[in-house]
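Naming convention: chains lettered A, B, ... in sequence-line order (proteins, then strands); numbering from 1 in each chain.
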Amino acid sequence: MSKSNPPTPPPEVLELAFKQTLTSGVGKKLPHESAERHVSGEARYIDDQLEYPNHLHLYARLSEQAHATITKLDVNACRQYPGVACVITADDIPGQLDIGAVLPGDPLLAHSKVEYWGQPLFVVAATSYDIAREAAQLATIEYAPLEALLDVKEALHKKHFVMQSHQHKRGDANKAIASAPHCIKGQLNIGGQEHFYLETQVSSVIPTEDGGMLVYCSTQNPTEVQKLVASVLGLSMHKITIDMRRMGGGFGGKETQAAGPACLAAVVAQKTGMPAKMRLARSDDMMMTGKRHPFFVEYDVGFDQKGVLQGVNIELSGNCGFSPDLSGSIVDRAMFHADNAYYLGDALITGHRCKTHIASNTAYRGFGGPQGMLAIENIMDEIARFLGEDPLTVRERNLYGQHDRNITHYYQTIEDNPIKDILEQVKQSADYRQRRQQISEFNNKHPFLRKGIALTPVKFGISFTAGFLNQAGALIHIYTDGSIQLNHGGTEMGQGLNTKVAQIVAEELQVSIERIQITATDTSKVPNTSPTAASSGADLNGKAAQAAARTLKQRLTNFAAERYNVDTSAIIFKNNCVQVGETLVSFDALVQDAYFSQVSLSSTGFYKTPKIHYDRDSASGHPFYYFAWGAACSEVIVDTLTGEYKVLRTDILHDVGASLNPAIDIGQIEGGFIQGMGWLTTEELCWNEHGRLMTNSPASYKIPAISDTPLIFNVDLVENRKNPEDTVYHSKAVGEPPFMLSISVWCAIKDAVSSLSDYRYHPDIDAPATPEKVLLGIEKLKHQLANREPLS
Amino acid sequence: MIRFLLNQTPEIIEAIDPNTTVLNYLRQHKHLTGTKEGCASGDCGACTAVLVSLQDETLSYETINTCLTLLPALEGKQLITIEALKQAQLHPVQKAMVEHHGSQCGFCTPGIVMSLFALQKNVTTYQREATLEALSGNLCRCTGYQPIINAAKQICDTHSNDVFDQQTGNTITQLKALQNDHLSGIQAQGSECFSPRTLDELDKLLLQNPNARILAGGTDLALEITQMHHRLSPIVYLGRIEALKRINLSDSHIEIGAACTLSHCHSILSQEYPDLGKLLDRFASLQIRNQGTLGGNIANASPIGDSPPALIAAGASVQLRRNGHIRCMPLDEFFIDYRKTHLLPGEYIEKICIPRKHPQSLYRIYKISKRLDDDISAVCGAFHLQMHNGLITNVRIAFGGMAAIPKRAIKCEKALAGQPWQFSVLEKAIPALNDDFSALSDFRASAHYRTLTTRNLLMKLWWESQHDSNLITRVSDHVEI
């Protein structure tokens, strides 16, 4: 390298720059780092990569039984089909067959038995996808059917579990319920949810000369894919590199479920020495991969004349599907959120992990939290109807206190609780009281349309409940021209993580974000990463990148102090400039100077979340570093003749601490809300009596479309409220919490229906509240009214 | 041979399997990977591109789902893909999407940009209704759509001449040069497709190939290729036969050529039968309506197709043609059984004849589905009552989703015919529906819900007939309440 200095800006340019603040640092509404590539079609997803001339394509044949012994699997005809390179069955896996994430139970390919309709039996690799698919049809498959258990209640009754049950216990709940002035018992069925990431599961694997594999995989969890590909191939992890530039959506669906296609393509690549790609067709993806857990909830609650909970006994039974996958932590999180924002009094919260013969349910935005929260919100409404109170009043009375009634049923003290203010602000901005009045007037006049409104809070615990996952690494290189390459262990699935982390590094080093090249997540750059999940992406990786940036800044500071013979306290980095005592130099010049003085310009960073602990035996501890808060008010109109409805207006106020990027945060809130609304309204998973998923395409499974967006949709961030904990720039996680703001829609629909009984009956409408469920709920309520059934 | 413009470049297709979708052609043959596959069933819109055709002396910009479009549909047209929008700079539509944070994961984004691009070409000011219509077939799982609506506001209100506008003259010249009157086609890998220009050519082809698969919009037929993995051959494409795309309005009838797209017949149908227009607004998505034809929706004889009940209630008939021989048939007699019609091998629907609406008649359609946009009906009910001197003189009620075919509620009609339009009469007519239908349960709806809804729709009809039009009666309209 020549020793010529980079062109130095004239001093007046440097002085002007130094006086100005950085425009691309933390807190700025920068667009997504890939926005221009997204809109131009230039953003490359794995299936867009140019293929090698000998690239093979995989197709998996799926089980057509929910539970059966495989009595015959003859794939010879598939092997003979022209264009087929190889056929892989369970017997052809060189290493470990099981790819269970936490516990075993997930065979890569079915071995001797199948446990759900849609389970992969074998894969064909061929010169084209069509050939692979055609060949796969030629196999002879015979089954001896076994009894399939498809109903979560039956599984609960038979104690057919994938894992042990767990309990949170405070005081004597049953006694408190029995001695309370009023009590209510009830049940709630909560539906699951298909992730419907727009890009289906996809992996492309290139064999390397050292017998390893370069794996392009659309995954939230590169390290786990690395580990599983290695174990399936019988190799060490160091032979495997995972490259993950971006996902076309994840939402939890690519936390564990991305590993299967990667492992299968890797087996083919190892066997043939050729590159291999597996991309799932939409309906195959929907049949094969797990979804949000459906839950069956039973509750028994006691409360006083004001509706204040005295004791609760809630049993949460998650429908886990055929294997454990992440169900342990998911049902835990449902239990941790069975309080939402309310002090439960004496509480007994039980979580069961029911085994059924459907695909193994998995992580999905909220990770069990939404199901737990839906149960307690249903209870709030039911208490309100029982007492003839406005549900908001009952909610307000039950909120956690600031200084008392502030300990959760798992004994974590809630140290910072703004929910009362947030609720009050939404009440004002949404004009709740006056609209309640207007709704009443409308409902009295209209022959068959009814409006409803609901204002519901959100409290969501932030941290992985599996403690060790709360760690992250980053790697930053500064090159001699002052440009920077940034790598971290998180993955970009659209949530803007790369943008936020780049903003953090820009802020730390006081350089423009344009200097920072974000690269694909790469297990050879940052090893042993945690999945990008639990809303923790920016919290963990932002801190790790900050640590790496600070190390580099310190080195540059020390170097400059020595070089210019000033104290380190006289060195200020600002807006691409560095003031060293009386001298002002450009960042580039300092970097180049440092290089020639043999200063290392590359650093790793590491972070682990403090304060987290949970003792399973006593079911107590501090599983969450902090909580994210919010509230939403939604108004709906319901057609009582058809059960159809529409959301008219939603007002949201959400707490993201000091926002790293308000534009991205608002995007997460709006998107999370709508996705949650889909879960509670139109997204209905239906299996037939044989356990086959019938809603296996977007023609039959309806996620929200554009007309479902509320006519009026106001979203605000809580202003001037830093996270009191030492998170990165005192921001808060935002991925999952807003999802549960959508509970306001479900409650508003039930509010509209309840108006038919002058709000004295609580409608029996499970989630999702499809138009059919709403109409049947209306019919049931009318029947109750006609028979003057006692309340609840 | 198929000739078209791919963005600005003239293309000729000869030896490509006619079972190839435009999406696979773009991604696999041309390595244009900006257009994405999200579902390959026309439900998500990630594969949206814009098809530009010559209409008189102007260019018409329409979105299509490339995953459901087969290559013959490109002939003589310009296909604009996402790759063409960004020139030296982002296109204003792309810029607006960036400024409003309209992309997150980005996978649906090219499709959304293409829908916005077409929207901008077709409107002069922002209207929420038109925006929702333009994007009704584009699913986004990340954003919740609000920033996309905001981007639409910006681009519709600040229309500026883009490179496509500047090149309009040139494009028209290029497209004119591509127009021809030849019978064209492609064949490869044992499959062939013919693309005739006249009814005579079509008759001849169908006489020679009575089992040919007739391709109109292809929005249903292509699913056989992409979802059921059938290979179709021979295929006969109707989209170049002008005679099948004509709309005629006489004193007594509206005649719609069978290959007229749902978008093209929208305006005349909604003028005559406003509720039919509203139904068409919720008929699949705009991309599908730009491709799908009225004749196709009838001919594929789905029990849940949306147009048949509406047309049966309107008293429509179909004109069938086979080797030059023509016969007519009331639409309600056209359907025999599940996906079975009276069409003979080699016979096709030439046109649909819809009587003009009597000014005083009551005509209402209700589509019940889980989702407002782009969903298949659980039940679609169409009601048509003509009244004279207070008595119901003529009544036609038809339902989709209630039987193996779109079917009239004959017993219910009988209970109403000749009676005064009174609530007591209605109360007697409602139970008759039980004799007309025995609904089935499936994942879209239970039999119980279907039965209950059909009864309640008569109630809704009653309410709508009793109140002035200011009373809101539907939550499903694309209007602000």
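The environment of B:Q127 atom CD is sparse: at most 12 non-hydrogen atoms of other residues, nucleotides or ligands sit within 6.0 angstrom. Taking a 6.0 Å sphere around NZ of A:K780, one finds it holds 12 or fewer heavy atoms contributed by other residues, nucleotides or ligands.
Side-chain atoms of B:D373 come within 3.5 Å of backbone atoms of A:S707 as a donor-acceptor pair (strictly under, hydrogens ignored). A donor-acceptor pair is defined here as one N or O able to donate and one able to accept, closer than 3.5 Å; such a pair exists between the side chain of A:Q675 and the backbone of B:R141. Listed for the A:Y645 side chain is no donor-acceptor partner under 3.5 Å among the backbone atoms of B:V475. Judged by distance alone, with hydrogens and angles left aside, the side-chain atoms of A:T709 form a donor-acceptor pair with the main-chain N or O of B:G144 at under 3.5 Å. Judged by distance alone, the side chain of B:R371 and the main-chain N or O of A:I703 form a donor-acceptor pair under 3.5 Å. Side chain of A:E670 to backbone of B:Y145: no donor-acceptor contact under 3.5 angstrom is found. Judged purely by atom type and a 3.5 angstrom limit, B:R27 uses its side chain to pair as donor or acceptor with the backbone of A:D47.
Heavy-atom distances place no part of A:P768 under 4.5 Å from chain B, backbone and side chain included. Neither the backbone nor the side chain of A:I669 has a heavy atom closer than 4.5 Å to any heavy atom of chain B. Neither the backbone nor the side chain of A:R37 comes within less than 4.5 Å of any heavy atom in chain B. With a 4.5 Å cut-off on non-hydrogen atoms, A:L776 touches chain B through its side chain but not through its backbone.
Residue pairs meeting the salt bridge (charged side-chain N to carboxylate O under 4.0 Å, His left out) criterion with at least one member in residues 89-112 of chain B, sequence neighbours excluded: B:K95-B:E99.
By the ring pair (Phe, Tyr, Trp, His ring centres under 6.0 Å) test, A:F673 pairs with A:F713, sequence neighbours left out.
Counting heavy-atom pairs closer than 4.5 Å to chain B, the top-ranked of the candidates A:T770, A:N688, A:T200, A:D708 is A:D708.
Using a cutoff of 4.0 Å between basic side-chain nitrogens and carboxylate oxygens, B:K370 and A:E772 are not scored as salt-bridged.
In summary, of the residues considered (A:Q495, A:Q668, A:H32), a side chain to side chain donor-acceptor pair (under 3.5 Å) with B:Q104 occurs for A:Q668 alone.
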